[in-house]
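Here is the structure we will look at, set down as structure tokens.
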Amino acid sequence: MQGDLERILFDEPTILRRLDEIAAQVSKDYSRKELTVIAVLNGSLVFMADLMRRIQLPLRLDCLSVASYHGKAQTSGEVIFKQVALPDVQDRHILILDDILDSGNTLAAIRERLETARPRSIKICVLLSKKKERAHKVDADYLGFEIGDEFVVGYGLDYDERYRNLPCIGVLRRELIESNRG
Ligand code: IMP
Ligand code: MG
């Protein structure tokens with residue numbers, strides 16, 4: 001699997017060190033508040049598991065499942081919510097966790113949808129953010145790493161549902177990404 005990477009961007013110790021820092025900041029910012037983490041599946045699963053165990057606060061966890069990529073390396077622009085009932089967010093302090101901020105479509109749609117259910121506060125935490133012009137203006141309140149506009153896999157991130165179990169994050173070799181991109 002690792003041989004399919006053109007290069008490694010962040011190895012596991014580097015990711016975990018950064019999570020220690022983010023978790024410390026979250027624990028400080030939400031001290032004496034009850035936090036509700038909403039993880040966007042499936043990409044944030046590994047990130048969520050490692051981050052939440054570092055947060056020194058009582059917290060609740062909910063998951064949200066959306067689809068926009070359909071397993072390929074380009075966004076379709078449309079965000080489909082896969083569950084009938086959304087998590088109960090009313091009067092709660094919500095922290096949305098996602099793997100990566102790319103076009104911003106997904107997080108903009110999720111934020112907008114959750115805001116209609118009147119949370120007390122809402123913030124966004126992403127592991128990665130691509131440095132690029134976004135279709136939707138979304139800012140992460142907590143960010144692991146900023147990366148270039150490249151397709152990355154590992155540590156939860158997939159290409160066509162593969163590579164999620166790689167412990168590191170790397171750039172997928174170009175010839176492995178379907179040629180009909182864009
Ligand atoms: P956005 O809506 O374009 O911001 O991106 C939404 C989703 O696309 C993310 O939550 C990821 O699941 C997926 N995605 C975007 N860029 C990448 C990438 O480089 N590798 C793997 N998945 C990605
Ligand atoms: Mg994905």
Side-chain angles (χ1 to χ4, degrees), residues 1-2 4-12 14-15 18-19 22 37-52 61-83 86-87 94-115 122-182:
M1 253 195 327
Q2 210 132 318
D4 288 357
L5 298 181
E6 185 182 295
R7 63 185 196 283
I8 293 174
L9 294 181
F10 308 107
D11 62 11
E12 198 177 11
T14 305
I15 298 169
R18 185 73 187 112
L19 296 199
I22 296 173
V37 169
I38 298 191
V40 184
L41 298 180
N42 296 327
S44 73
L45 203 57
V46 180
F47 172 43
M48 177 264 282
D50 281 341
L51 182 70
M52 69 180 269
L61 173 67
D62 272 301
C63 295
L64 205 63
S65 197
V66 297
S68 61
Y69 254 52
H70 308 296
K72 301 292 187 275
Q74 63 182 96
T75 183
S76 66
E78 187 194 4
V79 176
I80 302 150
F81 287 76
K82 290 199 205 163
Q83 62 264 86
L86 287 174
I94 302 300
L95 183 62
I96 305 170
L97 289 196
D98 204 357
D99 52 359
I100 189 165
L101 190 49
D102 184 12
S103 69
N105 284 339
T106 307
L107 282 168
I110 291 172
R111 185 187 196 131
E112 196 177 298
R113 181 69 83 86
L114 293 180
E115 264 166 1
I122 191 158
K123 283 191 185 183
I124 291 175
C125 173
V126 290
L127 180 61
L128 303 171
S129 174
K130 289 188 189 176
K131 205 173 179 166
K132 65 192 286 188
E133 282 288 314
R134 297 193 208 294
H136 285 95
K137 192 178 151 24
V138 184
D139 286 317
D141 300 279
Y142 304 95
L143 166 64
F145 306 99
E146 188 166 69
I147 62 170
D149 191 7
E150 298 182 291
F151 197 81
V152 296
V153 294
Y155 198 73
L157 290 125
D158 73 303
Y159 172 64
D160 212 1
E161 294 306 324
R162 292 173 64 215
Y163 307 106
R164 291 197 199 274
N165 56 328
L166 267 178
C168 61
I169 296 168
V171 178
L172 193 59
R173 275 170 38 207
R174 207 172 291 260
E175 65 267 28
L176 295 172
I177 297 177
E178 277 179 300
S179 48
N180 62 348
R181 270 193 86 173

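Sequential numbering from 1 along the given sequence is applied to the chain's residues. In this text the structure is predicted, and so the values were computed from the model without any measurement. Every number for a ligand or one of its atoms is a count from 1 in the order of the listing.
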> Would you call D102 and R134 a salt bridge, using N to O less than 4.0 angstrom?
Replying inline: no

Out of H136, K132, R134, K130, the nearest non-hydrogen contact to atom 19 (O) of ligand 1 is supplied by K130

* Asked: Between K130 and E150, is there a donor-acceptor pair closer than 3.5 Å when you use the side chain of the first and the backbone of the second?
  -> yes

Numbered in order shown, the ligand 1 atoms found under 4.0 Å of a heavy atom of D158 are 21 (C), 22 (N)

For L157, the ligand 1 atoms with a heavy-atom partner under 4.0 Å come out as 20 (N), 21 (C), 22 (N)

Within the structure provided, determine whether V138 and L101 are in side-chain contact (heavy-atom separation under 4.5 Å). yes

Heavy atoms, side chains only, cut-off 4.5 Å: are Y163 and L5 in contact? no

Hey, can you pull the donor-acceptor pairs under 3.5 Å for the side chains in residues 165-174, sequence neighbours left out?
| residue | atom | partner | partner atom | Å |
| --- | --- | --- | --- | --- |
| R173 | NE | E175 | OE2 | 3.0 |
| R173 | NH1 | G3 | O | 2.9 |
| R173 | NH2 | E175 | OE2 | 2.9 |

S103 heavy atoms within 4.0 Å reach ligand 1 at atoms 1 (P), 2 (O), 3 (O), 4 (O)

Per side-chain hydrogen bond (donor to acceptor under 3.5 Å, both in side chains), Y155 is matched among D99, D50, D11 by D50

Note: ligand 1 atoms sitting under 4.0 Å from heavy atoms of E150 are 19 (O)

State if D98 counts as touching ligand 1 under the rule of any non-hydrogen atom under 4.0 Å.
yes

Restricting to heavy atoms, the pick from L127, L41, I100 nearest atom 11 (C) of ligand 1 would be I100

Output yes when the distance from some N or O of ligand 1 to some N or O of L107 is under 3.5 Å, and no in every other case.
no

Ranking V152, D99, V79 by closest non-hydrogen atom to atom 20 (N) of ligand 1, top hit is V152

If we number the atoms of ligand 1 from 1 as shown, the ones under 4.0 Å from a heavy atom of N105 are 2 (O), 4 (O)

